[in-house]
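Just so it is clear, the model here is predicted, and its values are computed rather than measured.
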Amino acid sequence: MNIQSILSDKIKQAMISAGAEQNVEPLVRQSSKPQFGDYQANGIMGAAKKLGQNPREFAQKVLNNVDLSEIAEKTEIAGPGFINIFLNKDWVAKNVDIALAVPNFGIKVAHPQTVVIDYSSPNVAKEMHVGHLRSTIIGDAVARALEFMGNKVIRANHVGDWGTQFGMLIAYLEKMENEHADAMELSDLEAFYRAAKEHYDSDEAFAVKARSYVVKLQSGDTYCRTMWKKLVDMTMQQNQRNYDRLNVTLTEKDVMGESLYNPMLPGIVEDLKKQGLAVEDDGALVVYLDEFKNKDGDPMGVIVQKKDGGFLYTTTDIAAAKYRYHTLHADRALVFSDTRQSQHMQQAWLITRKAGYVPDSFSLEHQNFGMMLGKDGKPFKTRSGGTVKLADLLDEAVERATLLINEKNTALSEQEKAEVIEAVAIGSVKYADLSKNRTTDYVFDWDNMLSFEGNTAPYMQYAYTRIRSIFSKTDVDAVALSKAKIQMTDDKERALAIKLLQFEEAVQIVAKEGTPHVLCTYLYELAGTFSSFYEHCPILNAEETLKLSRLKLAQLTEKTLKQGLDLLGIKTVEKM
């Protein structure tokens with residue numbers, strides 16, 4: 001149920017009937033204050049101005065042409081030409097019943113798409129660190145939302161698994177295996193990487209072998225490929241432990257590393273040359289883009305092949321876009337990486353389009369995000385100034401959540417307590433990030449994120465268990481509850497019912513714009529609206545028909561909170 005969409009369609013048709021252009025936008029929004037109704041159409045003034053008409057008179061023409069009798073109990077023209085819409089409570093009640101009775105709340109996209117989502121993207125032979133957190137969890141929340149709505153989602157973990165460093169790593173892995181020291185965890189691979197680099201810099205014979213292994217690897221040598229695969233597998237096994245702990249849906253099947261696109265790169269560069277897009281400059285092949293200027297005001301040059309024959313990330317990203325359209329048959333491709341990569345992605349995709357590799361209908365979207373900062377306002381680091389490993393961050397979250405839950409006087413069994421600690425710990429880290437607008441930097445603050453007050457995971461998880469506890473105190477018959485009719489005897493019931501029906505609007509924005517914070521804000525507002533309803537409208541002590549009606553509102557709130565948190569990849573628990 002997308003009320004905004006239903007109203008937008010009806011009012012748009014009425015505006016066209018009243019003389020507006022076919023592409024007119026009614027700009028229907030949720031009202032900011034109850035006195036302005038539940039929804040407001042804000043596009044009247046712009047349309048009236050184009051027509052040279054008085055906005056209030058045009059608004060009246062629109063109302064004369066629209067039938068909202070079933071949906072709205074009242075409409076009014078306000079101010080210079082806004083249309084305020086007050087929803088009909090019987091219509092709202094009927095749709096709450098429907099949302100409870102049908103799968104997925106009745107949410108289904110009209111035209112399902114195939115969407116490739118490129119997220120997480122760690123490097124091989126390196127451990128995941130906090131810099132990978134945002135891409136991993138924001139991308140996963142958007143993937144879940146798109147899938148929930150009925151789209152086909154292809155997850156693409158664009159792993160850094162190719163490049164000149166692999167000759168060095170293969171040579172060192174060979175040395176370690178020859179010395180019978182091959183039982184390595186990835187945590188050892190940090191030291192492994194450093195040791196390989198030291199050998200490369202100090203031992204010329206080792207460096208010669210490493211360089212020869214790069215050539216062999218790139219030409220498909222079986223031995224080098226086998227050793228390379230070992231490095232990739234060791235890395236991804238460790239990464240999978242992080243994904244499982246984070247309750248992220250990525251698996252080894254979703255790995256689409258840089259190596260996947262490598263065979264495409266020579267052909268792409270050759271074609272860019274043929275088309276006259278790539279020209280030789282000092283031995284390198286460069287595409288000059290008029291749309292981007294250098295500091296002298298000249299077209300910016302983007303290198304697609306270095307003078308030594310090596311390819312760049314730009315070339316790989318052109319190939320990835322082409323692959324996602326032609327091989328995966330996607331309608332949209334979303335890439336979740338930080339804001340500093342914005343210009344790089346724009347340039348790669350501009351070259352992709354100039355070369356005619358994808359049509360205009362194929363949507364390429366860089367869902368960029370800001371940085372995770374410490375309380376000092378600088379990038380989040382360890383006390384000694386080092387990079388924080390993701391596994392260490394999650395361990396610390398569990399330690400802090402354990403202290404927090406142990407302080408509370410709970411009647412939980414040891415197993416229940418362990419489940420609560422894990423849900424609160426991981427949920428807090430994820431929600432603190434997901435609840436912030438992804439395009440901005442945010443300050444990582446343990447105290448705020450583990451608070452049971454405010455827009456936090458513990459507050460949301462507790463709000464869910466509070467509603468669960470209502471049902472544990474009643475032996476209401478499930479059949480009687482399903483047959484009961486929603487009544488609205490109080491404004492708090494009406495406000496809760498409308499807020500419940502706005503769930504789809506929040507999910508659609510997440511799917512369209514890649515902004516999970518919109519869903520977090522919605523869930524926080526829903527929890528607050530329910531709390532106000534619960535305080536003013538007795539449930540268990542009400543007379544039977546009213547009790548059943550209010551239990552249905554509680555039931556849909558519980559279902560919506562659980563589903564909403566699940567879309568964010570955050571676990572709920574039955575007791576806290």
Distance-only, no hydrogens or angles: does the Tyr431 side chain make a donor-acceptor pair with backbone N or O of Cys520 under 3.5 Å?
yes

By side chain to side chain contact (heavy atoms under 4.5 Å, CB included), Glu147 pairs with (sequence neighbours left out) Val153, Arg155

Close side-chain approach of Leu133 and Ile137, heavy atoms under 4.5 Å = yes

*Would a distance-only check, ignoring hydrogens and angles, find a side-chain to backbone donor-acceptor pair under 3.5 Å from Ser135 to Ser120?*
yes

### Task
Please examine the side chains of Arg56 and Pro80, heavy atoms only from C-beta on, and report whether any two atoms are closer than 4.5 Å.
no

Item to check | Donor-acceptor pair between Tyr119 and Asn157 side chains, under 3.5 angstrom | outcome: no

Residues at least two apart in sequence or cross-chain that pass ring pair (Phe, Tyr, Trp, His ring centres under 6.0 Å) with Phe444, listed by chain then number, are Phe380, Trp446

- Task: Check the side chains of Gln13 and Asp9 for a donor-acceptor pair under 3.5 angstrom, ignoring hydrogens and angles.
- Result: no

For the residue pair Asn151 and Gln113, confirm or rule out a side-chain donor-acceptor distance under 3.5 Å.
no

Across all chains, not counting sequence neighbours, the ring pair (Phe, Tyr, Trp, His ring centres under 6.0 Å) partners of His132 are His129

Does any donor atom in the side chain of Tyr464 or Glu574 lie under 3.5 Å from an acceptor atom in the other side chain? yes

Contacts satisfying ring pair (Phe, Tyr, Trp, His ring centres under 6.0 Å) that involve residues 14-70 (not counting sequence neighbours) are none

Sorted by chain and residue number, the ring pair (Phe, Tyr, Trp, His ring centres under 6.0 Å) partners of Tyr243 (sequence neighbours excluded) come out as none

Electrostatic pair Glu493-Lys552, nearest N-O below 4.0 angstrom: no

- Message: Pairing donors with acceptors under 3.5 angstrom, does anything connect the side chains of Glu504 and Gln4?
- Response: no

Should the pair Arg134-Asp338 be classified as a salt bridge under the 4.0 Å nitrogen-to-oxygen rule? no

* To do: For Lys562 and Thr572, test the side chains for any donor-to-acceptor distance below 3.5 angstrom and give the result as yes or no.
  => yes

Answer yes if the side chains of Gln508 and Asn2 hold a donor-acceptor pair under 3.5 Å, and no otherwise.
yes

Nearest heavy-atom contact between Asp566 and Arg144 is O-NH1, 2.8 Å

Hits for ring pair (Phe, Tyr, Trp, His ring centres under 6.0 Å) against Phe105, two or more places apart or cross-chain, chain-then-number order -> Phe503

Exercise. When you check the gap from the basic side-chain N to the acidic O, do Arg494 and Asp38 get nearer than 4.0 Å?
Worked result: yes

Between Trp91 and Glu70, the two heavy atoms sitting closest are CB-O, 3.3 Å

(Q) When you compare the side chain of Arg332 with that of Val115, does any pair of heavy atoms fall below 4.5 Å? (A) yes

### Message
Can you see whether Thr557 engages Gln555 through a side-chain donor-acceptor pair at a distance of less than 3.5 angstrom?
### Response
no

task: Could you tell me whether Asp67 and Lys10 have a side-chain N and a carboxylate O separated by less than 4.0 Å?
output: no

Correct closest heavy-atom pair for Val573 and Thr465 would be O-CG2, 2.8 Å

**Item:** Within 45° cone of Phe533 ring axis and under 6.0 Å: Lys492 NZ or CZ
**Value:** no

With no hydrogens and no angle check, do the side chains of Gln487 and Thr489 hold a donor and an acceptor under 3.5 Å apart?
-> no

| query | Does the distance from a Lys or Arg side-chain N to an Asp or Glu carboxylate O, for Arg400 and Glu396, drop under 4.0 Å? | reply | yes

